[in-house]
Amino acid sequence: MPKNKKANSRLLWYARRLRTMSLPEFLYRIRTALKKKKDKHTKIGYLPKGTIDHLPKYLLFPPKEIKVVEPKDYSIFGNTLNYQNSINWHYDISNKKQFPKDYSFDIDTRSGKNGNVKIVWEINRMQYLTHICLKFIQTGESRYLNQFIEIIASWKKANPYLEGVNWYSNIEVNIRIINWVACWEILNVNDLIVQNHSFKLFVETTWLPLIELHAQHAYRYESKYSSSNNHLIAEASGLFIAGCYWSFKDSPKWVKKGQHILEREIIKQHSENGINKEEASEYIQFITDFFMLALLIGERSGHSFSKGYQETLKKIFLYIHHMMDMSGNVPYYGDDDDGKVLSLNIDVYNDNFKSLLTTAAILFNDSIFKKKESVFDLKNRILFGQEGETIFNSLSTEKVTTETKLYENEGHFLIKKRNGEGEEIYLHVDIAPLGYLSIAAHGHADALSFFLNIDGKPYIIDPGTYTYHSFPEWRAYFKGTLAHNTIRVDGIDQAVNGGPCLWVDHYTTKVLQVEDTTRETILKGSHNGYEKLGVKHIRTYTFDKLEDRITIHDKLSASDDQIHSYEYPLHFHPEIVINTLSPSKFSISHPKKKKCSY
């Protein structure tokens, strides 16, 4: 792209971003920019002493005996990271590009010219460290402990404070904090530093100063206003957990601030039924881990959360429970990040939604969350230990039931019908808002769209996200209207795409009819995203429960005399086979399941 075109594109982004800001936010952004400018001259390379008053009290239950296979290459979004060798902490292993070691907040993370920043950040979350720690506990071999020390020391050397892309995003800082708590527990650091002098020296001179620096950064750079979505939750959770776990000088104020934000945001960012307002279903597992881990660490360290917090958390778990089909599949709407807070890559049970329901069953001692395929996995073993496993095993397995849930206020409709063992029709209809706050960062322009799963297999799907910070044309496509099972008018999206994580001119959805009888379920909704074109779209879904027939009726009315083009895409799962029956009729089938006619 020519330089002048890039400059114009950047100016356009800033202009659109300003449109989403209130006056208080604008003033806040100015103050933050001035703080960053000052930090560029005063904070680069800063490192605190890392002194704590006393060693942490153990709050988790890492297994003393566990079979862990030899660490292998680690997968980073399908790319191989060999962490046995030295790691280039600023290198995009997928696109073979290097991010510069400039002042963190001056680095271009959006255009893709330096690579895909998400891949670099995923490497720097260092979630493979838990594997190394478990292998050390299993074998007692010093080479694993040395590997752990070398990785942390290498990261510290390569990432002086505010140098490089790994201090750019506060969410990454806090994920590292939480994973370091898990590593501390698995390694049994309190005892290890007594037995191993060189490890004690490493903890005192390298690891603890780095941990304190991370918490200080989390405290200083809080996401506010239109950016206070999942980022703010991550920041508050990491800050709170750091303050609860390590007794640094500033730990009390970290706990106070983190807990205050978490108590407020769990209510603010969820509906009365526990549905997250970002309109990105895959993010739910990510966000729920932050809230859940903070609750556990807080309770065990003497910093309990309110009853309202716990009740809202249970509602979030219930929505996850209802959102799943009979096989545990979750229909994805909005951005799909693939991010995890605690990623125990050695666990074959690597579905965090299912793992969270096991957590909920133990946490609330409630069998509704225990499904037939539920497993007491490694993550829950570390969180709850033997007592948690006893609770889990004592709960009866939930009987196979299918329950339609119509969340009219939120615009999410989960229509389910079970015809027999192994047979289920699951239709998810979306008449929900675009997203959360003025930028709706992770929502997609998918008003009135749907997903269809049959017998626990996805048939009609959402294509996903593909990319965030590279390939802007693909980013625009995958979050745009054409990539969803709804109607696009005149080749434009239902809302205006202002950038990779920015929407302007949001549409408003309206639920016009909800009927649910023994015979049929009827849903009717509309949105005003095409009013600027003089077009109104109303869609009606009718599910005939006796005939197992779904009818979709679209009404498109134009208030002008112009000719408009209408596109109606359907996106099928890759395994689906399509057979043309006539010019206006076709059937789809899954190789292992039933056929559907259209």
Side-chain angles (χ1 to χ4, degrees), residues 17 20-40 42-43 46 48 103-107 109 121 125 161-162 165-178 180-181 210-246 248-270 276-278 283 286-287 289-291 293-295 297-298 303 305 309 339 341 436-442 501-502:
R17 186 68 178 90
T20 68
M21 295 184 191
S22 62
L23 179 59
E25 177 172 5
F26 177 74
L27 296 174
Y28 162 74
R29 299 290 175 188
I30 294 294
R31 292 194 299 270
T32 301
L34 292 173
K35 179 170 72 171
K36 289 178 178 178
K37 188 173 183 180
K38 180 181 177 183
D39 284 355
K40 185 175 183 179
T42 62
K43 291 286 186 180
Y46 164 75
Y103 178 57
S104 299
F105 298 120
D106 286 346
I107 296 174
T109 63
W121 283 341
R125 290 179 179 183
Y161 187 49
L162 295 181
V165 75
N166 296 313
W167 292 104
Y168 182 97
S169 171
N170 204 352
I171 195 170
E172 307 303 319
V173 168
N174 286 279
I175 289 175
R176 283 194 290 272
I177 288 174
I178 293 171
W180 286 343
V181 170
L210 205 52
I211 292 168
E212 184 176 13
L213 180 61
H214 274 61
Q216 288 179 352
H217 184 85
Y219 185 85
R220 295 184 72 245
Y221 282 102
E222 174 189 343
S223 295
K224 288 188 175 182
Y225 296 101
S226 58
S227 298
S228 56
N229 48 20
N230 66 85
H231 285 250
L232 180 58
I233 294 169
E235 292 157 12
S237 181
L239 184 67
F240 174 77
I241 288 171
C244 288
Y245 197 71
W246 291 288
F248 294 106
K249 176 181 59 120
D250 291 329
S251 288
K253 72 176 186 180
W254 298 342
V255 169
K256 183 178 180 181
K257 180 177 182 178
Q259 187 164 20
H260 173 73
I261 293 171
L262 289 169
E263 289 274 10
R264 180 188 71 211
E265 295 301 316
I266 197 171
I267 304 297
K268 192 175 180 181
Q269 295 197 35
H270 293 87
N276 187 265
K277 295 178 182 178
E278 284 204 79
Y283 268 80
F286 188 56
I287 294 163
D289 258 348
F290 286 118
F291 284 122
L293 290 167
L295 175 69
I297 297 295
H303 302 284
F305 282 82
Y309 182 98
V341 182
Y436 185 56
L437 301 176
S438 60
I439 62 174
H442 297 297
C501 293
L502 172 64

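- Within the 4.5 Å cutoff, side-chain heavy atoms of Lys40 are placed close to those of Asp106.
- Summarising the local packing, NZ of Lys35 is surrounded by more than 12 heavy atoms from other residues, nucleotides or ligands at distances under 6.0 Å.
- Using a 4.0 Å cut-off between a side-chain N of Lys or Arg and a carboxylate O of Asp or Glu, Glu172 and Arg176 do not qualify as a salt bridge.
- The two atoms that bring Pro48 and Glu212 nearest to each other are CB-OE1, 3.5 Å, heavy atoms only.
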**OP:** Might you work through the side-chain contact (heavy atoms from CB on, under 4.5 Å) test for Leu34 and Ile30, ending with a clear yes or no?
**Re:** CA-CA 6 Å; Leu34 292 173; Ile30 294 294; 4.2 Å; yes

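- For the atom pair Met21 CE and Ile439 CD1, the distance stands at 8.5 Å (nearest 0.5 Å).
- Considering every non-hydrogen atom in both Leu262 and Phe240, the closest pair reads CD1-CB, 4.2 Å.
- Cation-pi contact between Lys43 and Tyr161: absent, since separation from the ring centre below 6.0 Å together with deviation from the ring axis within 45° is not met.
- Ring-plane geometry between Phe286 and Tyr283 is classed as perpendicular, the angle between the planes exceeding 60 degrees on a 0 to 90 degree scale with a lower cut at 30.
- A donor-acceptor pair under 3.5 Å is absent between the side-chain atoms of Glu278 and the main chain of Ala441, judged by distance alone.
- When all heavy atoms of Gly298 and Phe305 are compared, the closest pair comes out as CA-CE1, 4.5 Å.
- Pairing each heavy atom of Ala215 with each of Leu239, the nearest pair is O-CD1, 3.4 Å.
- Between Phe291 and His270, the ring-plane angle classifies as perpendicular under the 30° and 60° cut-offs.
- The closest donor-acceptor contact from the side chain of Ser251 to the backbone of Trp246 lies under 3.5 Å.
- Taking CG from Asn230 and NE2 from His442, the interatomic distance works out to 4.5 Å, rounded to the nearest 0.5 Å.
- Within the 4.5 Å cutoff, no side-chain heavy atoms of Ile177 are placed close to those of His217.
- Rounded to the nearest 0.5 angstrom, Leu437 CG and Thr20 OG1 are separated by 10.0 Å.
- Side chain of Trp254 to backbone of Gly238: no donor-acceptor contact under 3.5 angstrom is found.
- Between Cys244 and Gln259 there is no side-chain heavy-atom pair separated by less than 4.5 Å.
- Taking all atoms of both residues into account, the shortest heavy-atom contact from Tyr168 to Ile107 is CE1-O, 3.8 Å.
- For the pair Tyr219/Asp250, no side-chain contact is recorded, criterion being any heavy-atom separation below 4.5 Å from C-beta on.
- Between the side chain of Ser237 and the main chain of Ile233, no donor-acceptor pair closer than 3.5 Å is present.
- A pairwise comparison of heavy atoms in Ser228 and Glu265 identifies O-OE1, 4.0 Å as the closest pair.
- Atom-to-atom distance recorded for Trp121:CH2 and Thr109:OG1 is 5.0 Å, nearest 0.5 angstrom.
- Annotation: side chain of Asp39 is in contact with side chain of Arg220 (closest heavy-atom distance under 4.5 Å).
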**OP:** Show the numbers, then the answer: is there a side-chain contact (heavy atoms from CB on, under 4.5 Å) between Glu235 and Ile261?
**Re:** CA-CA 9 Å; Glu235 292 157 12; Ile261 293 171; over 6 Å; no

**OP:** Check the pair Thr32, Lys224 against side-chain contact (heavy atoms from CB on, under 4.5 Å), reporting the backbone distance first and the verdict last.
**Re:** CA-CA 11 Å; Thr32 301; Lys224 288 188 175 182; over 6 Å; no

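- If you take CD1 on Ile175 and CZ on Phe290, they are separated by 4.5 Å, rounding to the nearest 0.5 Å.
- Counting heavy atoms of neighbouring residues, nucleotides and ligands inside a 6.0 Å radius, atom OH of Tyr46 exceeds 12 of them.
- Asn170 contributes a side-chain N or O that, together with a main-chain N or O of Tyr221, makes up a donor-acceptor pair within less than 3.5 Å.
- Ring planes of Tyr103 and Phe105: perpendicular class, angle over 60° (limits at 30 and 60°).
- With His214 contributing its side chain and Leu210 its backbone, the two residues share a donor-acceptor pair below 3.5 Å.
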